[in-house]
Amino acid sequence: MPGASRISRDANTTLLMAKKERSRQTRRARFLLLLPVLLVIGIFGLFPLSIALVYSFLEPGTYGGVEWVFSTDAYVQFLFERDIFDDTLTFNSAYLQIFGRSFGLAFITMIGTLILGFPVAYFIAARPPEQRNFWLFAITLPFWTNLLIRTYSMLLIVRDEGIVNLLLINMGIINEPLEMLYTDGAVLAGLVYSYLPFMILPIYASLEKFDFSLLEAGHDLYASRVQVFRHIIIPITRPGIVAGCVLVLIPALGAFITPELLGGGKKLMIGNLIALQFGAGRNWPFGSAAALILMALVLISLLISLRVGAAKEGSHG
């Protein structure tokens with residue numbers, strides 16, 4: 001019996017060691033599979049971000065670049081203006097206004113693309129399967145053309161001698177061209193046009209496998225169209241709506257080409273401000289600080305929205 005007990009203990013020990021070895025091999029295999037992704041994130045994401053973080057705490061060089069002297073002036077400059085004679089600080093809201101304009105235009109762009117994109121996504125999802133590919137092709141077709149060229153096409157449409165003004169004048173609605181170019185409205189139209197597919201495609205992905213018999217069931221239970229929309233369609237498409245809003249809001253905040261061309265440099269957004277600091281402004285630390293502030297604000301907004309969404313999900317069940 002003592003020998004049998006020892007053999008049993010040895011067998012258990014061997015089995016335990018074999019399980020540990022399989023677990024180590026599994027972890028090693030998972031790590032090797034994740035290694036390319038981690039390298040891409042580290043090289044193209046974290047490494048540039050680390051450079052921007054370091055640069056934001058340095059002093060600007062005379063002709064661009066940085067001087068390796070620790071300084072927090074880049075963050076102070078965001079809210080205050082330093083007097084060149086006595087070094088006193090005065091509150092300056094210029095950069096806050098640029099950030100406010102950027103967030104405002106980006107938010108309106110998100111709402112505009114949602115209002116325009118949801119019916120389009122619903123229309124495509126309601127088509128027979130053999131027709132959907134055609135409509136998806138039509139939605140993604142603009143992506144075959146460079147964004148710069150597409151923005152130039154918008155410039156030709158909204159300028160004083162553009163298609164819109166010519167049509168309105170020929171129809172007798174107006175006598176003089178409307179001033180649309182180099183306004184917030186022109187920038188907004190360009191942003192909505194540029195990012196509309198980013199809203200349509202995620203919503204369509206949520207609606208693609210939607211069972212439309214649920215709509216009939218809702219109407220059979222005497223639900224109105226508004227109630228069917230609120231209690232059936234919206235809950236099912238919520239993941240697509242959230243994804244579309246994120247995909248539109250974040251790039252719209254950092255848009256550069258559209259405000260530059262359609263805003264004429266008079267309607268600066270955050271992307272233009274950052275590019276200006278790295279270019280003509282020769283203030284790399286402040287450009288880095290502005291980029292990091294933008295990223296921090298976006299992350300905080302996303303975390304708040306996720307918490308609010310989680311709280312609502314928990315309250316409903």
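In what follows, every heavy atom counts, from backbone to side chain, and hydrogens, waters and symmetry copies are set aside.
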How long is the straight-line distance from CD1 of I108 back to CD1 of I111, given to the nearest 0.5 Å?
9.0 Å
Is there a side-chain contact between I169 and P177 (heavy atoms, below 4.5 Å)?
yes
Drop me the distance from L58's CG to E67's CD, to the nearest 0.5 angstrom.
9.5 Å
On the 0 to 90° scale, with breaks at 30° and 60°, tag the F57-F70 ring pair as parallel, tilted or perpendicular.
parallel
Transitive ILVMFWY side-chain link F278 to F286, under 4.5 Å:
yes
Compare all side-chain heavy atoms of V120 with those of L196 and state whether any distance is below 4.5 angstrom.
no
Test side-chain hydrogen bond (donor to acceptor under 3.5 Å, both in side chains) applied to E130 - qualifying residues, sequence neighbours left out:
none
Distance in Å, R127 CZ paired with F134 CZ, rounded so as to fall on 0.5 Å steps:
12.5 Å
N175 atom CG, over 12 foreign heavy atoms within 6.0 Å
no
Would you say R225 has more than 12 foreign heavy atoms packed within less than 6.0 Å of its CZ?
no
side-chain hydrogen bond (donor to acceptor under 3.5 Å, both in side chains) involving R82 - partner list, sequence neighbours excluded:
D73
Donor-acceptor pair, side chain of R101 and main chain of L268, under 3.5 angstrom:
yes
Is any side-chain heavy atom of L188 less than 4.5 Å from a side-chain heavy atom of D184?
no
At what distance, to the nearest 0.5 angstrom, does CG of N146 lie from CD1 of I257?
6.5 Å
With side chain to side chain contact (heavy atoms under 4.5 Å, CB included) as the test, would you mind laying out the steps for L38 and F31 before giving the verdict?
CA-CA 9 Å; L38 296 176; F31 175 76; 4.3 Å; yes
For M180 against N165, the heavy-atom pair lying closest together:
CE-ND2, 3.5 Å
Provide the closest heavy-atom pair for P285 versus G65 in the form atom of the first, atom of the second, distance.
CD-O, 4.3 Å
Flag the pair M199 / C245 as yes when at least one side-chain heavy-atom distance between them is below 4.5 Å, and no otherwise.
yes
Is there a side-chain contact between V54 and V66 (heavy atoms, below 4.5 Å)?
no
Aromatic ring pairing F198/Y195, orientation class (parallel under 30°, perpendicular over 60°, tilted between):
tilted
Can you hop from L141 to I139 via hydrophobic side chains spaced under 4.5 Å?
no
Cluster overlap I232 with V226, hydrophobic side-chain contacts below 4.5 Å
no
With sequence neighbours left out, write down each residue that passes side chain to side chain contact (heavy atoms under 4.5 Å, CB included) with F47, or none if nothing qualifies.
I51
So, do F118 and I241 sit near enough that their side-chain heavy atoms are less than 4.5 Å apart?
yes
May I ask you to decide if the ring planes of W68 and Y55 are parallel, tilted or perpendicular, using 30° and 60° as cut-offs?
perpendicular
Polar side-chain atom of N272 near backbone of M269 as donor-acceptor pair, under 3.5 Å
yes
N/O donor-acceptor pairs under 3.5 Å from side chains in residues 148-157, not counting sequence neighbours:
from: R150; atom 1: NE; to: P142; atom 2: O; distance (Å): 3.1
from: R150; atom 1: NE; to: T145; atom 2: O; distance (Å): 3.1
from: T151; atom 1: OG1; to: L147; atom 2: O; distance (Å): 2.8
from: S153; atom 1: OG; to: R150; atom 2: O; distance (Å): 2.4

How many angstroms lie between atom CG of L249 and atom CG of L114, to the nearest 0.5 angstrom?
12.0 Å
If Ile, Leu, Val, Met, Phe, Trp and Tyr residues are connected whenever their side-chain heavy atoms lie under 4.5 Å apart, and connections chain through other members, are L292 and L299 in the same group?
yes
Heavy-atom closest pair, residues G42 and P48:
O-CD, 4.5 Å
With sequence neighbours left out, what residues match S23 under side-chain hydrogen bond (donor to acceptor under 3.5 Å, both in side chains)?
R27
Does the pair T109 and T113 meet the rule for a side chain to side chain contact (heavy atoms under 4.5 Å, CB included), with working shown?
CA-CA 6 Å; T109 299; T113 54; 4.3 Å; yes
L297 vs F103 side-chain heavy atoms within contact, under 4.5 Å
yes
Between L273 and F99, is any pair of side-chain heavy atoms under 4.5 Å apart?
yes
Shared hydrophobic cluster, L39 / L46 (ILVMFWY, side-chain heavy atoms < 4.5 Å):
no
Report the residues that fulfil side chain to side chain contact (heavy atoms under 4.5 Å, CB included) with Q227, sequence neighbours left out, ordered by chain and then residue number.
A223, S224, H231
CZ of R24: more than 12 outside heavy atoms within 6.0 angstrom?
yes
So, W135 versus F123, ring centres under 6.0 angstrom or not?
yes
Between I203 and the options I200, L201, L207, the side chain to side chain contact (heavy atoms under 4.5 Å, CB included) test singles out L207
At what distance, to the nearest 0.5 angstrom, does CE of M295 lie from CD1 of I270?
13.0 Å
Please check this pair: side chain of R159 against backbone of L181, looking for a donor-acceptor N/O pair closer than 3.5 Å.
no
Which pair of non-hydrogen atoms, one from P239 and one from S206, has the smallest distance, and what is that distance?
C-OG, 4.2 Å
Side chain to side chain contact (heavy atoms under 4.5 Å, CB included), that's the test. Do F256 and I274 meet it? Break it down for me.
CA-CA 9 Å; F256 169 75; I274 295 172; over 6 Å; no
Over all heavy atoms of both residues, which pair between S288 and A52 is shortest? Give the atoms and the distance, please.
CB-O, 3.2 Å
Where do R282 and P60 come nearest, in terms of heavy atoms and distance?
O-CB, 4.1 Å
Whether Y95 and F78 hold their rings parallel, tilted or perpendicular, with breakpoints at 30° and 60°:
parallel
Quick one: does any side-chain atom of N92 pair with a main-chain N or O of F80 as donor and acceptor, under 3.5 Å?
no
